[in-house]
Amino acid sequence: MKNNINLIKGTHDLVGSDIIKYNYILENFRNICNQFSFKEIITPIIEQEDLYVRGVGEMTDIVSKEMYTFLDQGDKKICLRPEATSGIARFAASNYESGAMKLFTYGPMFRRERPQKGRYRQFNQLNIEIIGDKNPYADFEVIFIASRLLESIGLKNKFKLLINSIGTKDDQTNYSKALYEFLKLKKNKLSEISQQRLEKNTLRILDSKDTNDQLIIRDAPKLKDFLSNSSIDFYQNVKNLLSSHGIGFIEDDLLVRGLDYYTHTAFEFQMFEEKRQNTILAGGRYDELISMISSRDIPGIGWAAGVERLIDLISIPTFAKNKKLLIAVQDTSYVAQFKLINHISKIDVTFEVKSGHNIKKFFTYADKNEFDYILLVGDQEFHNSSIVLKNLKSKEQKILLIKDLDLSNEIR
Ligand code: ATP
Ligand code: MG
């Protein structure tokens with residue numbers, strides 16, 4: 001006997017009600033993106049490792065321990081993409097011309113994390129980006145879209161928006177020095193990974209999930225005290241736009257997001273419900289990213305949402321369903337000879353074909369599976385070039401001739 005081949009750890013099949021929800025989320029996402037004039041892009045799943053090392057940052061969790069990297073035939077290091085923004089930034093670096101380039105995408109991302117509920121090694125993200133727009137209105141717009149999307153899939157009043165400003169790279173450098181001086185004195189008490197980060201990328205210590213690190217960080221200098229006046233103004237503009245449009249938010253000065261490329265606005269949407277994985281959507285401004293991966297300097301802002309986390313939260317949507325038709329024939333060849341499929345494919349109906357001699361069985365099956373109509377062709381109907389169509393709800397029954405059959409008049 002052969003062993004079963006199992007799923008790879010941290011991966012899953014999307015099927016049944018999950019795929020219905022997936023498609024529903026995607027449809028709402030597409031609609032809202034189209035409404036706000038975003039254009040779709042699909043970037044490759046594999047990219048050069050350097051894209052993420054330079055963009056996301058060497059000392060981040062993603063690059064330091066979560067990436068699926070392999071050597072291609074020669075010596076090129078290739079990665080399965082852990083996130084979508086870097087790929088879009090790579091595209092924009094070669095294709096951006098002027099004005100705001102508004103793009104959306106979705107698809108699988110790969111991170112070698114410890115699998116848990118809501119945390120997988122292959123998972124799906126929705127993603128929007130506005131490239132080339134330095135106006136705080138862009139920050140507001142992406143956050144507004146996120147909020148509308150979550151409402152449209154039935155999560156109204158179930159989430160909160162946390163925001164912060166992490167300033168410009170200069171603000172971060174100044175802050176980083178102060179943070180370094182503070183943490184240096186406590187170095188021995190920090191976790192091992194934070195000790196490594198202290199020298200290489202002090203700011204990343206703020207992402208630490210270690211509770212002891214978090215206690216130490218609580219008393220550390222705050223980034224908000226290092227923001228320049230223009231950064232404070234920018235942040236204030238974003239907050240004003242959100243407030244004037246009725247988007248509530250909570251300011252969280254510890255929110256720094258786990259990637260190096262962020263500047264200015266950082267935000268997360270979290271569920272009120274206390275769950276371990278309750279961040280459903282997160283993003284921010286990344287005015288330096290494109291200059292880190294190319295010779296161009298173009299600002300950007302965007303977000304990503306975790307589709308699996310959304311799937312776990314929403315209820316199965318109810319759609320206006322197609323009518324269901326059971327085609328029940330005594331002999332399968334009748335379907336072809338009457339070209340029934342040609343007739344059926346012209347109308348909005350979901351159908352199934354069954355063959356056999358026991359007419360009672362057809363009716364039992366139709367009843368059990370909630371069919372609305374049954375179309376019968378027995379030997380007698382076949383010889384008369386006719387069909388019997390019965391409406392199973394009204395019980396009305398008609399005999400119709402094939403030569404002038406128009407089912408669109410009958411099934412609605
Ligand atoms: P976390 O702190 O939960 O690890 P993150 O900061 O790494 O999240 P982002 O890179 O900002 O996450 O990704 C945006 C969203 O994608 C997250 O808010 C989450 O909903 C989803 N996401 C991230 N990692 C995973 C994963 N491994 N499995 C499922 N969804 C994920
Ligand atoms: Mg993570």
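Atoms within each ligand, like the ligands themselves, are counted from 1 in listed order.
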Next on the checklist: Is there a ring pair (Phe, Tyr, Trp, His ring centres under 6.0 Å) between Phe159 and Phe272? Walk through the geometry before answering.
Outcome noted: CA-CA 5 Å; Phe159 58 83; Phe272 281 121; 7.8 Å; no
Checklist entry - Among Arg111, Arg119, Met109, which one has a heavy atom closest to atom 12 (O) of ligand 1? => result Arg111
Item to check | Which of the ligand 1 atoms, numbered from 1, are nearer than 4.0 Å to a heavy atom of Ala304 | outcome: 14 (C), 15 (C)
Checklist outcome for this item: Counting from 1 in the order shown, the ligand 1 atoms closer than 4.0 Å to a non-hydrogen atom of Ala282 are 11 (O)
Checklist entry - Pick one: which of Ile327, Ile359, Leu326 meets side chain to side chain contact (heavy atoms under 4.5 Å, CB included) with Ile374? => result Leu326
Checklist entry - Counting only heavy atoms, which portion of Thr279 has something under 4.0 Å from ligand 1: side chain, backbone, both, or neither? => result both
Checklist entry - Nearest non-hydrogen atom to atom 19 (C) of ligand 1 belongs to which of Arg309, Glu66, Lys117, Glu268? => result Arg309
Checklist entry - Among all protein non-hydrogen atoms, which one is nearest to atom 30 (N) of ligand 1, and what is the separation to 0.1 Å? => result Phe123 CD1, 3.4 Å
Checklist entry - Side-chain contact, heavy-atom cut-off 4.5 Å: Tyr235 with Glu251? => result yes
Checklist entry - Heavy atoms of the protein only: does one fall short of 4.0 Å from atom 8 (O) of ligand 1? => result no
Item to check | Protein heavy-atom partner closest to atom 28 (N) of ligand 1 - residue, atom, separation in Å | outcome: Tyr120 N, 2.9 Å
Item to check | Asn164 side chain to Leu255 backbone, donor-acceptor under 3.5 Å | outcome: yes
Next on the checklist: Whether the Arg81 and Tyr52 side chains hold a donor-acceptor pair (N or O, under 3.5 Å, no angle test) is what I'd like checked.
Outcome noted: no
Checklist entry - With under 30° as parallel and over 60° as perpendicular, where do the rings of Phe104 and Phe29 fit, or are they tilted in between? => result perpendicular
Checklist entry - Between Phe140 and His245, what is the ring plane arrangement, given parallel below 30°, perpendicular above 60°, and tilted in between? => result tilted
Checklist entry - In the protein, which heavy atom is nearest to atom 2 (O) of ligand 1, and how far is it? => result Lys209 NZ, 3.8 Å
Item to check | Region of Gln125 that comes within reach of ligand 1 [heavy atoms, distance under 4.0 Å] | outcome: side chain
Checklist entry - For Asn369, does its backbone N or O pair with a side-chain atom of Lys324 as donor and acceptor, under 3.5 Å? => result yes
Checklist entry - Quick one: does NZ or CZ of Lys222 land under 6.0 Å from the six-membered ring centre of Phe226, within 45 degrees of the ring axis? => result no
Checklist entry - Taking non-hydrogen atoms only, is Arg257 closer than 4.0 angstrom to ligand 1 via side chain, backbone, both or neither? => result side chain
Next on the checklist: Under a 3.5 Å threshold, yes or no: a donor from one side chain and an acceptor from the other, between Gln236 and Asn240?
Outcome noted: yes
Checklist outcome for this item: Quick look: Glu113 vs ligand 1, heavy-atom contacts under 4.0 Å, and the answer is side chain
Checklist entry - Which atoms of ligand 1 have any heavy atom of Ile280 under 4.0 Å away? => result 18 (O), 20 (O)
Item to check | Contact atoms of ligand 1, heavy-atom distance to Gly306 under 4.0 Å | outcome: 15 (C), 16 (O), 20 (O), 21 (C)
Item to check | Nearest-neighbour protein heavy atom for atom 29 (C) of ligand 1, which is reported as residue plus atom name and distance | outcome: Gly118 O, 3.3 Å
